[in-house]
Amino acid sequence: MAKTILVIEDDKFLRELITQKLLKEGYDTSEAVDGEEGIKKIKEEKPDLVLLDLILPGIDGFEVLSRMREEPNLSSIPVIILSNLGRKEDVEKGLKLGAVDYLIKAHFTPGEIIDKIKAVLK
Amino acid sequence: MAEDYLKELAETRKALLNILEDVEEARERAEEEEDKTKAIVSNLADGLIVLDWGNRIVLINSQGEKFLDVKTKEIEGKSLEELEKDPIEKLVKLILKKKKLYREELPLEKPREFVLEVTTVLLSPRKEKVIILHDISREKTIDRMKTEFVSFSAHQLKSPLTSIKWALKMFLDGDLGKITEEQREVLSKTYQTNESMIFLVDDLLSLARIEEGRYLYKLIPVKIDKIIQSAIDSCQKKIKKKKLKVEFRKAKGKIPEIKVDVEKIKLAVENFIDNAIKYTPEEGEVIASLSFNKKEIEFSVKDSGIGVPKAQQEKIFQKFFRASNAIKIKSQGTGLGLFITKNIVEAHGGRIWFESEEGKGTTFHFTLPFT
């Protein structure tokens with residue numbers, strides 16, 4: 001069965017591009033445009049992996065991570081942060097909150113992001 | 001006889017009165033002068049403190065009182081060492097540290113958050129010292145706003161640049177259907193142009209961070225040779241492509257760990273190596289060396305590259321500057337790399353310099369102190 005990737009990203013075009021790439025690679029996808037919807041979909045759909053942007057309207061990515069940590073049945077879902085925040089403080093904070101990887105959007109191509117996802121889901 | 005005597009006495013009295021009158025006039029004039037000076041001093045927009053030879057406070061003007069939250073009565077005649085109240089204590093510490101200060105910045109939190117620029121002047125004959133306090137909070141605020149603006153706009157640029165990158169890459173990877181060779185060529189070039197724009201934005205962000213002063217993050221002890229080696233390793237692709245001979249020469253003996261902001265020093269090291277590779281023609285040579293003594297480590301990168309034209313050498317560390325021969329070889333570049341490197345090195349208390357001869361090569365050096 002195809003694995004499901006939830007993409008939490010507020011930029012429509014970026015979301016479409018990465019979703020298209022994921023579908024092409026044979027994954028099932030689900031999308032959320034902000035933190036609130038993201039948390040809802042994580043709870044309802046229990047995706048196999050979450051691609052998480054950090055700067056989001058309302059509840060930001062860090063908050064999404066901390067809420068996932070509070071619930072034992074969600075904390076095992078791997079999260080890859082996909083953000084343009086590149087400061088060391090942000091990276092450390094994200095990883096400390098339990099993300100398995102931290103990718104700076106502008107430094108990775110869709111193909112490279114897929115490679116990272118494959119590595120995590122192996 | 002008595003008459004003569006009386007007359008003489010009367011004249012003497014007159015003369016004395018005259019002298020007294022003159023003295024009185026002179027005194028009045030002097031008082032007037034003093035009042036004038038006092039008025040000027042007390043109405044200055046800068047704070048002013050005068051110390052005698054024994055560092056005792058002779059005078060403080062009203063602006064000085066305001067800056068330091070003190071009253072003349074409380075501190076007049078006291079020596080600096082006796083003043084232990086914040087914020088004046090901070091000023092005292094600064095003054096006692098150095099004999100002469102010129103535009104030294106002193107950030108204060110009390111009575112409000114602001115920054116003073118402190119200058120001391122020695123009045124030679126009686127060894128009195130004048131301390132001038134100049135409020136530069138406004139300049140600081142404007143400077144910070146400028147940096148925040150750069151940081152904000154650079155950040156806003158990143159998202160659309162990412163979309164462009166991803167979309168172009170998907171075209172190139174054939175994710176969106178087959179493309180012709182001709183299309184591929186143009187798309188590749190567009191992709192590269194977009195990549196250099198991303199680099200520019202990254203550089204602007206690092207620059208903004210340096211200027212925001214929050215650039216030095218956490219100082220942790222590291223093995224600097226590891227950082228250098230991994231910077232060289234990450235360039236292997238380019239090195240092979242250009243058939244360069246790259247060497248890393250380490251000084252004998254165990255290289256002591258040094259406390260640095262790892263991410264920033266990595267950036268500084270990478271900039272040196274990256275530049276050497278970028279501006280050295282095919283089959284050239286790049287030698288990185290690391291040496292140390294009791295006080296500091298020295299890292300240098302020597303290349304057999306294009307060199308820096310003599311007339312432009314003094315500008316090489318300036319923001320946005322690129323040498324004319326460098327622009328010819330690589331049209332894309334931000335002119336920020338060495339500026340950032342210099343800031344990083346100096347923030348660590350190190351020095352940076354270079355020697356270069358056009359057409360022969362360049363050697364860049366930086367040092368980092370152990371403490």
Side-chain angles (χ1 to χ4, degrees), chain A residues 5 7-27 29 31 33-34 51-57 60-62 80-96 102-118, chain B residues 151-178 187-188 190-192 194-210 212 214-220 222 234 260-267 270 344:
Chain A
I5 315 290
V7 180
I8 308 177
E9 162 68 63
D10 61 330
D11 186 301
K12 184 161 174 278
F13 190 32
L14 279 178
R15 207 170 57 236
E16 283 169 5
L17 286 170
I18 195 66
T19 303
Q20 201 170 350
K21 184 77 183 179
L22 285 165
L23 289 171
K24 231 182 156 58
E25 293 287 328
Y27 292 104
T29 62
E31 298 171 39
V33 299
D34 56 34
L51 280 181
L52 177 67
D53 190 11
L54 288 178
I55 302 177
L56 295 165
D60 69 8
F62 290 124
I80 295 179
I81 291 175
L82 195 54
S83 167
N84 267 329
L85 291 183
R87 286 187 307 162
K88 201 171 171 181
E89 297 98 293
D90 300 316
V91 178
E92 280 184 359
K93 191 174 167 192
L95 295 176
K96 218 171 159 185
Y102 191 115
L103 310 180
I104 293 167
K105 271 189 230 171
H107 296 174
F108 284 84
T109 64
E112 288 163 344
I113 295 165
I114 299 290
D115 290 344
K116 293 281 184 187
I117 294 174
K118 277 186 188 154
Chain B
S151 175
F152 174 77
S153 1
H155 227 110
Q156 292 300 307
L157 285 171
K158 271 195 147 180
S159 215
L161 288 174
T162 308
S163 312
I164 296 169
K165 176 185 171 116
W166 287 9
L168 288 172
K169 193 68 185 169
M170 284 171 73
F171 271 117
L172 285 165
D173 287 351
D175 289 337
L176 306 167
K178 243 182 146 167
L187 283 173
S188 292
T190 318
Y191 183 79
Q192 279 317 317
N194 190 57
E195 285 289 277
S196 38
M197 200 121 99
I198 291 172
F199 280 134
L200 172 64
V201 167
D202 279 345
D203 275 355
L204 279 174
L205 275 173
S206 341
L207 182 72
R209 269 176 229 156
I210 291 172
E212 276 170 71
R214 61 181 154 105
Y215 205 62
L216 280 197
Y217 178 52
K218 226 186 323 184
L219 297 181
I220 47 171
V222 291
S234 70
V260 295
D261 178 328
V262 183
E263 207 185 358
K264 309 309 172 312
I265 287 302
K266 229 161 136 183
L267 192 62
E270 278 169 6
I344 294 172

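Here is how names work: the chains are called A, B, and so on, in the same order as the sequence lines, proteins then strands, and each is numbered from 1.
For a residue to count as touching a neighbouring chain, one of its non-hydrogen atoms must lie under 4.5 Å from one of that chain's; by this rule B:Ile198 touches chain A with the side chain only. Heavy-atom distances place the side chain of B:Lys165, and not its backbone, under 4.5 Å from chain A. Residue A:Asp11 touches chain B through its side chain alone, counting heavy-atom pairs closer than 4.5 Å. With a threshold of 4.5 angstrom between heavy atoms, A:Lys21 approaches chain B through its backbone and through its side chain. For chain B, the nearby part of A:Ile104 is the side chain; its heavy atoms alone come within less than 4.5 Å. In this structure, no portion of A:Leu23 lies under 4.5 Å from any heavy atom of chain B. Only the side chain of B:Asp173 comes within contact range of chain A, judged by heavy atoms closer than 4.5 Å. Neither the backbone nor the side chain of B:Asn194 comes within contact range of chain A; no heavy atom of the residue lies under 4.5 Å from a heavy atom of that chain.
Between A:Leu52 and A:Phe62, every side-chain heavy-atom pair lies at or beyond the 4.5 Å cut-off. Considering only heavy atoms from C-beta on, A:Leu51 stays 4.5 Å or farther from A:Ile8 through its side chain. The shortest side-chain heavy-atom distance between A:Lys118 and A:Ile114 falls under the 4.5 Å cut-off.
Checked for salt-bridge contact, A:Glu112 and B:Lys169 miss the test: no charged N lies under 4.0 Å from a carboxylate O. Taking the charged nitrogens against the carboxylate oxygens, B:Lys158 and B:Asp202 do have a contact shorter than 4.0 Å, which makes a salt bridge.
Note: A:Leu17 leads A:Ile55, A:Ile113, A:Leu17 in heavy-atom pairs under 4.5 Å with chain B.
One distance of note links OG of A:Ser83 with CG of A:Leu56; it measures 9.0 Å at 0.5 Å rounding.
In B:Lys266, the NZ atom is not crowded: 12 or fewer heavy atoms of neighbouring residues, nucleotides or ligands sit closer than 6.0 Å.
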